[in-house]
Amino acid sequence: MQTILGATGHIGRPLGAELSKYTDRIRLVSRNPQKVNPNDELHPADLLNPEEVVKAVEGSEIVYLTIGLPYRDHIWQKHWVPLIESVIAACKAAKAKLVFFDNVYMYAPDQIDGMTEDAVVNPATVKGQIRAEVARQVLDAHHSGSIQTLIARAADFYGPNCTSSVIHETVIVAASKGKTMRWLYDQSQPHNFTYTPDAAKATAQLGNDPEAFGRVWHLPSSEAFTGWEWMQKIWTSAGRSIAETPENRGRLYPQNRKHADAPPKMSTLGGFLMQTIGLFIPDLKSLHKMRYQYQNPYRLDDSAFTARYGWQATDADEAIGQILAALG
């Protein structure tokens, strides 16, 4: 039995599909799980309740923790450490391996340009401190001999219907509607993303490789393009044109606009605006605290994974096309 804790999220659902390549016994756990494969076992549970975690994990050989908690500091402070403690305890009782799906928040800000699995852990935010502690407990459980664990670590997401992606609504959906795209903080900085279908495929592959346990793995991620380049790719993939005349300096225009003085269709969400909006939208207030990831070059190095498993992230243009197609 392979079990996904947090099976209805942007990673949990495609992971369920990928695991069918390795086993026909898959248990999907969430508050309201839904089948991905015909023979999936559905197990409704509140994963913040340790007793329900134990029941959800019973009989499992491999457990994947892909749950995403609401993006608020106080919620993370209250729930993440107790959650990982209960999952580790449940895996130990079931003699199950644990695959923890993670992010890069714990890395020092001066390490994010070319992040390897050995990057310095020195978080600059509350969320980063929490993820550092959770990752420490996961790896300590392995090194102490309690259970076998590994960490699958991704860059920021993008993917079909991935509404939690920082560029989904502000760039991808906006481009699909011909509206102004808005990049966070600095369009000139390079930034790479992890495509959710790639993340699911890689996580399933790691979980089913006995030699992968005991360490952190960076998942296959895109080439690092600047914010401007990402918006250009997404805009043209959405079937819209870019004015080519020198006077327009390559600015982006709706396809049906022909005048040289047409307004550009891109802008930047800067710090002041983010702080102001954050007064009304708590998730954006939390995101503002992570702004160093968009004000500096951000590149996740996936070379260790690609060298071992022999495949690379989906080409960005292909991924963007698939994301736009999913929007209908």
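Numbering starts at 1 and runs along the sequence shown.
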Quick one: are Ser222 and Trp230 in side-chain contact, heavy atoms under 4.5 Å? yes
Can Glu133 and Arg136 be counted as an ion pair, charged N to O under 4.0 angstrom? yes
Test the Lys201-Trp311 pair against the cation-pi criterion, namely NZ or CZ under 6.0 angstrom from the six-membered ring centroid and within 45° of the ring axis. yes
Taking the six-membered ring for Trp, are Phe213 and Phe100 ring centroids under 6.0 Å apart? no
Using a 6.0 Å distance limit plus a 45 degree cone around the ring axis, check whether Arg153 lies over the aromatic ring of Trp217. no
For the backbone of Leu300 and the side chain of Asn192, can you confirm whether one donor and one acceptor N or O come within less than 3.5 Å of each other? yes
Heavy-atom donor-acceptor pair, Ser60 side chain to Ile62 backbone, under 3.5 Å: no
Do Asp198 side-chain atoms and Thr314 backbone N/O form a donor-acceptor pair below 3.5 Å? yes
Arg240 side-chain N/O to Ser176 backbone N/O, donor-acceptor pair under 3.5 Å: yes
Arg215/Glu117 ion pair, N-O < 4.0 Å: yes
Could you tell me whether a side-chain N or O of His168 sits under 3.5 Å from a main-chain N or O of Thr163, the two making a donor and an acceptor? no
Are Ile147 and Val29 linked, directly or through intermediate hydrophobic residues, by side-chain heavy-atom contacts shorter than 4.5 Å (ILVMFWY only)? yes
So, Tyr309 versus Gln205: side-chain donor-acceptor pair below 3.5 Å or not? no
Specify whether Tyr105 and Trp76 have parallel, tilted or perpendicular ring planes, treating 30° as the upper limit for parallel and 60° as the lower limit for perpendicular. parallel
Asp40 with Arg27: basic N within carboxylate O range, under 4.0 Å: no
Near Glu51 CD, under 6.0 Å, is it more than 12 heavy atoms from other residues, nucleotides or ligands? no
Is a salt bridge present between Glu61 and Arg25, judged by a nitrogen-to-oxygen distance below 4.0 Å? no
Verify whether the ring centers belonging to His218 and Tyr107 lie closer than 6.0 Å. yes
State whether the number of non-hydrogen atoms from other residues, nucleotides or ligands found under 6.0 Å of Glu52 atom CD is greater than 12. yes
Quick check, are the ring centers of Tyr195 and Tyr158 under 6.0 angstrom apart? yes
Side-chain heavy atoms nearer than 4.5 Å, only ILVMFWY residues, links allowed to pass through others: does that put Tyr298 and Phe305 together? no
Can you see whether Gln312 engages Asp302 through a side-chain donor-acceptor pair at a distance of less than 3.5 angstrom? no
Kindly compute the distance separating OH (Tyr64) from CG (Leu150), expressed to the nearest 0.5 Å. 8.5 Å
Applying the 4.5 Å side-chain criterion to the ILVMFWY set and letting contacts propagate, would Leu206 and Tyr22 be lumped into a single cluster? no
How far does OG1 of Thr196 sit from CZ of Arg13, to the nearest 0.5 angstrom? 12.0 Å
